[in-house]
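Everything on this sheet refers to the single structure shown next.
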Amino acid sequence: MHRYRTHTCGALRRDDAGKTVRLSGWCHRIRDHGGVLFIDLRDHYGITQIVADPDSPAFKLAETLRAEWVIRVDGKVRLRPAGTENPELPTGEVELYVSEIEVLGPAAELPMPVAVEQDYPEEVRLRYRFLDLRREKPHNNIMLRGRVIDSIRRRMREAGFFEFQTPILTASSPEGARDYLVPSRLHPGKFYALPQAPQQFKQLIMVAGFDRYFQIAPCFRDEDARADRSPGEFYQLDLEMSFVTQEDVFAAVEPVIRGVFEEFGNGKPVTPRFPLIPYSEALAKYGTDKPDLRNPIVMQDVSEAFRGSGFKIFATILASDPAAAVWAIPAKGGGNRAFCDRMNAWAQGEGQPGLGYIFWREGEEGGAGPIAKNIGPERSRRIAEQLGLGIGDACFFVAGKRQDCIKFAGPARTRVAEELGLIAKDRFEFCWIVDFPMYEWNEEEKKIDFSHNPFSMPNIAAEDFLALDPNDKEKILSIKAVQYDLVCNGVELSSGAIRNHRPEIMRKAFAIAGYGEDVLERKFGGMLRALSLGAPPHGGIAPGIDRIVMLLAGEDNLREVVLFPMNQRAEDLMMGAPSEVSPKQLKELHIRLDLPRK
RNA sequence: GGGGGCGUAGCUCAGUUGGUUAGAGCGCUGCCCUGUCACGGCAGAGGCCGCGGGUUCGAGUCCCGUCGCUCCCGCCA
């Protein structure tokens, strides 16, 4: 007989009755009736009921067991007495009548219970993560994560991709997020950086001729956390392909993502063909570049209905600024004053002056509410017509500079849909956001900046781009990059691009953003040299593994799908990271501390 | 760096307009209980009410500060 077990705690069935077996596991729950005692013995695979009574030689020891002790039990499998089977358990038809118990790992009083489904504070859960992970939900989430990654690897290999490892200790990169730095012992005053993403490496892999790269890649960024953004480190399905257009990347990635969501999405419908939505259209219709398409509300520009109207606030805004607009958020089924007032109060809570509205009800086809009174029935009827609204519906309005009002209209659109219950929860709605602007205007520094990743290819002919006048601000700001995002249910899953593989275009692109040749050489010299020695056109994308698993697990916090997450302040409460180091270690690294005074 | 929420027993939480000795459930200790599966019953231990200061005859409760956790903004693909 094996030292610890002949079966797992999820294995025994009716057919095993009569066998003498050995199980090991944790005491999940103990029910001591005095004369008969039950232990639910738990391991990774399941739960089996152990029974002891005073006739058993193990009874005395059994009475001393407590929750979460690890024990080994020997005994005979028997059918449970008729009427006492537990249909909730796969092993519920049988039980193990115990003859011998060995305590393998006793447990002190628990800082948090394991066998209870309840919410516990993050601090306790993270400090005792190993206990938290024994619980069913966290345990299953982590197993789901592993299965998702297995499936992704299989799908990527089948699609002709090959997995590579890229360095963890690398060079600090000038663009993007703050780096995690690692001091060099051999090179006083110099530092490695942990990669924010293997961006340059994967491009170099393409230059090296490997054609199709992927990696479940750890990425490190020293930025503040959010619920959907882990502090410090996270994983991406990083991939890159040579000789491809944007369409080729979509055609490669979309089936992998869709397949994974269909495989692990518990039957929830997945968008059959991910629609392409230009960035500017996404902002106009949904008020965000990561729209939740489960929300059916589509916004529209209704400026014309307010221009020169009796609603002076909006009319004045429109008259005073050619860039101003009035944005409409239609609210089907929201046609009552209570709802409209509630939304207005919400907007005020968000620091807005309010949220103007019209609603339509029986007998007031010309619209009700203060705005309708001011603009008159003709104009409000035109608005209803433009947005396809009728009796029982409402419409909210946001006015101002386009960018400003979109910033608020997006959350308002979400809020309206949530309040009215318009969001179809049980589905995965995907889309590609395309045609991101290449540059944006930096108002503070009065200069042109890259709006995304500087490695993206501009979406105009090479000769036209090279011929651009760096002072032609309007033309430059209108240029799109071959850059795209993958969005699901309002969560940005991924960002990618067709890369700029032409050194002269790269030089021009950086020059427009105000970077001289010397800066470019210093920061990206290696990359430029690689691109000047025979680089294939290439592009890729990097879907976030953690966010994919988060969506599939139905969680709204990344920490629920990360094995050992750090807290919001980027501390590992269990391991005690970050920690101070010895003076000797610092000396070796040529580092002297200069701590902030407190 | 900024804003919101929270902080009471090992854990989850209640605690009235400021008023005597701060409560409940789970867990823990002891006792009872032979078919439970969130077993049940009786008894008990366990509190710097995050910390510091203030107002008050009196503060878990009100005010100020501070620390911690969390959500958001900034930041971040």
Side-chain angles (χ1 to χ4, degrees), chain A residues 28-42 47-56 59 63-64 66-68 78 80-89 91-92 95 97 107-128 131-132 175-179 196-197 199 219-232 234 236 238 289-290 349-351 407 411 433 436 450-456 481 483-487 491-497 540-544 547 556-557 559 567-569 571 573 596 598:
Chain A
H28 187 64
R29 285 202 180 91
I30 299 166
R31 294 176 294 280
D32 186 351
H33 291 239
V36 60
L37 182 152
F38 302 96
I39 301 165
D40 289 339
L41 194 68
R42 182 195 75 234
I47 287 180
T48 300
Q49 176 165 282
I50 312 297
V51 194
D53 64 25
D55 297 334
S56 163
F59 186 70
E63 286 185 307
T64 68
R66 291 292 175 268
E68 296 308 307
R78 66 187 194 190
R80 294 195 188 188
T84 67
E85 301 88 352
N86 185 347
E88 306 281 309
L89 293 178
T91 62
E95 61 190 11
Y97 183 76
E109 187 177 347
L110 300 168
M112 67 176 279
V114 170
V116 176
E117 278 186 48
Q118 195 175 23
D119 289 331
Y120 293 97
E122 290 256 333
E123 188 179 2
V124 176
R125 294 183 55 195
L126 295 186
R127 190 180 297 278
Y128 299 99
L131 288 181
D132 192 36
E175 293 287 323
R178 210 173 284 122
D179 284 318
Q196 295 181 22
Q199 179 65 34
C219 303
F220 305 91
R221 291 175 195 165
D222 186 5
E223 297 294 347
D224 290 339
R226 290 286 182 280
D228 64 351
R229 203 167 80 205
S230 293
F234 60 96
Q236 290 183 335
D238 196 41
D289 62 357
K290 39 181 182 175
E350 296 289 296
K407 223 178 189 172
I433 306 297
F436 279 83
F450 286 110
S451 68
H452 278 76
N453 169 340
F455 296 112
S456 302
Q483 160 108 33
Y484 34 83
D485 277 6
L486 177 60
V487 173
V491 176
E492 181 190 318
L493 276 190
S494 184
S495 190
I541 192 164
R547 287 185 180 174
D556 51 16
N557 191 309
R559 288 187 290 264
N567 68 8
Q568 192 168 24
R569 294 187 48 196
E571 296 166 315
L573 297 175
K598 200 52 187 129

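Within every chain, numbering begins at 1; the chains are lettered A, B, ... in the order of the sequence lines, protein sequences first and strands thereafter. The structure presented is a predicted model; accordingly, all values stated were derived computationally and were not measured.
A:Asn453 approaches A:Phe455 most closely through the heavy-atom pair OD1-N, 2.6 Å.
With a 3.5 Å ceiling on both atom-pair distances, the Watson-Crick or G-U wobble partner of B:rG1 is B:rC73. If you check B:rG65 for Watson-Crick or wobble pairing at under 3.5 angstrom, you find it paired to B:rC51. For B:rG35, there is no paired nucleotide, since no Watson-Crick or G-U wobble pair has both relevant distances below 3.5 Å.
The same atom, P, is picked in B:rA24 and in B:rC37; the two are 25 Å apart, to the nearest Å. To the nearest whole angstrom, the two C1' atoms, one in B:rG60 and one in B:rG23, are 12 Å apart. B:rU17 and B:rC63 have their P atoms separated by 14 Å, with the value rounded to a whole Å. Rounded to whole Å, the separation between the P atoms of B:rC69 and B:rG30 comes to 37 Å. Comparing B:rG58 with B:rG19, their C1' atoms sit 7 Å apart, to the nearest whole Å. Of the C1' atoms belonging to B:rU20 and B:rA59, the separation is 14 Å, rounded to the nearest Å. The P atoms of B:rC28 and B:rC11 are separated by 15 Å, rounded to the nearest whole Å. Using atom C1' as the reference point in both B:rG68 and B:rU8, the two lie 15 Å apart (nearest Å).
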Item to complete: Let me see the working for A:Phe436 and A:Asp485 under side-chain contact (heavy atoms from CB on, under 4.5 Å), right down to the final yes or no.
Response: CA-CA 9 Å; A:Phe436 279 83; A:Asp485 277 6; 3.4 Å; yes

Item to complete: Check the pair A:Arg569 / A:Asp224 against salt bridge (charged side-chain N to carboxylate O under 4.0 Å, His left out), numbers first and verdict last.
Response: CA-CA 7 Å; A:Arg569 294 187 48 196; A:Asp224 290 339; over 6 Å; no

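Distance from the side chain of A:Arg226 is smallest for B:rC75 among the nucleotides B:rC69, B:rC71, B:rC75. Here B:rG10 is the nucleotide among B:rG10, B:rC37, B:rC76 with the atom lying nearest to any side-chain atom of A:Pro111. Candidate nucleotides B:rG1, B:rU36, B:rC76 were compared by shortest atom distance to the side chain of A:Asp224, and B:rG1 ranks first. With B:rU70, B:rG35, B:rC28 as the choices, the nucleotide that has an atom nearest any side-chain atom of A:Glu109 turns out to be B:rC28.
At the heavy-atom level, A:Gln236 lies under 4.0 Å from the strands shown only through sugar-phosphate atoms. Among the atoms of the strands shown, only primed sugar atoms or phosphate atoms (P, OP1, OP2) are found under 4.0 Å from some heavy atom of A:Tyr120. Across all strands, A:Arg78 comes closer than 4.0 Å to base atoms (heavy-atom distances). Nucleic acid contact for A:Arg559: sugar-phosphate only, since backbone atoms but no base atoms lie under 4.0 Å from a heavy atom of the residue. Residue-level contact check: A:Glu95 touches the bases, meaning some heavy atom is under 4.0 Å from a base atom. Counting any heavy atom pair closer than 4.0 Å across all strands shown, A:Arg229 reaches a base atom. Heavy atoms of A:Gly176 sit under 4.0 angstrom from primed sugar atoms or phosphate atoms, though from no base atom.
In the interface, the side chain of A:Glu571 is not paired with the base of B:rG68 through any donor and acceptor atom under 3.5 Å apart. Side-chain N/O atoms of A:Asp40 and base N/O atoms of B:rC37 include no donor-acceptor pair closer than 3.5 Å. Counting distance only, with no hydrogens placed and no angle test, the side-chain atoms of A:Arg125 and the base atoms of B:rC69 include no donor-acceptor pair under 3.5 Å.
The separation between A:Asp32 atom CG and B:rC39 atom P is 12 Å, rounded to whole Å. One can place CG of A:Asp53 at 11 Å from P of B:rG35, the figure rounded to the nearest angstrom. Atom NE2 of A:His28 is separated from atom C1' of B:rC37 by 10 Å (rounded to the nearest Å). Rounded to a whole Å, the CZ atom of A:Phe234 is 14 Å from the C1' atom of B:rC75. Between the CG atom of A:Asp132 and the C1' atom of B:rC11 there is a distance of 13 Å, given to the nearest Å. Rounded to whole Å, atom P of B:rU12 lies 14 Å from atom CG of A:Leu110. In this structure, OH of A:Tyr97 is placed 15 Å from P of B:rG35, rounded to the nearest angstrom. To the nearest angstrom, P of B:rC76 lies 11 Å from CZ of A:Arg221.
For B:rC37, neither phosphate oxygen OP1 nor OP2 lies less than 4.0 angstrom from any side-chain nitrogen or oxygen of A:Arg80. Dashed line: the shortest gap from a side-chain N or O of A:Gln568 to OP1 or OP2 of B:rC71 is under 4.0 Å. For B:rC69, one of the phosphate oxygens OP1 or OP2 lies less than 4.0 angstrom from a side-chain nitrogen or oxygen of A:Asn567. OP1 or OP2 of B:rC71 lies within a sub-4.0 Å distance of a side-chain N or O belonging to A:Asn557. Residue A:Arg569 places at least one side-chain N or O under 4.0 Å from the OP1 or OP2 atom of B:rG68. Within the 4.0 Å cut-off from OP1 or OP2 of B:rU36, not a single side-chain nitrogen or oxygen of A:Arg31 is found.
For the pair A:His33 and B:rC39, the ring geometry qualifies as stacking, because the centroid separation is below 5.5 Å while the planes lie within an angle under 30°.
Take the nearest nucleotide of RNA chain B for A:Gly35 and for A:Ala197: the residue whose nucleotide is more 5' is A:Gly35.
Using a 4.5 Å heavy-atom cutoff, the side chains of A:Gln236 and A:Cys219 are in contact. Side-chain contact check for A:Thr91 versus A:Gln49: every heavy-atom pair is 4.5 Å or farther apart. The side-chain heavy atoms of A:Glu68 and A:Arg42, taken from C-beta on, include a pair separated by under 4.5 Å.
The backbone N or O of A:Asn567 lies less than 3.5 Å from no partner atom in the side chain of A:Arg559, so there is not a single donor-acceptor pair.
Under 4.0 Å is where a charged nitrogen must lie from a carboxylate oxygen, and between A:Glu492 and A:Arg229 no such pair does.
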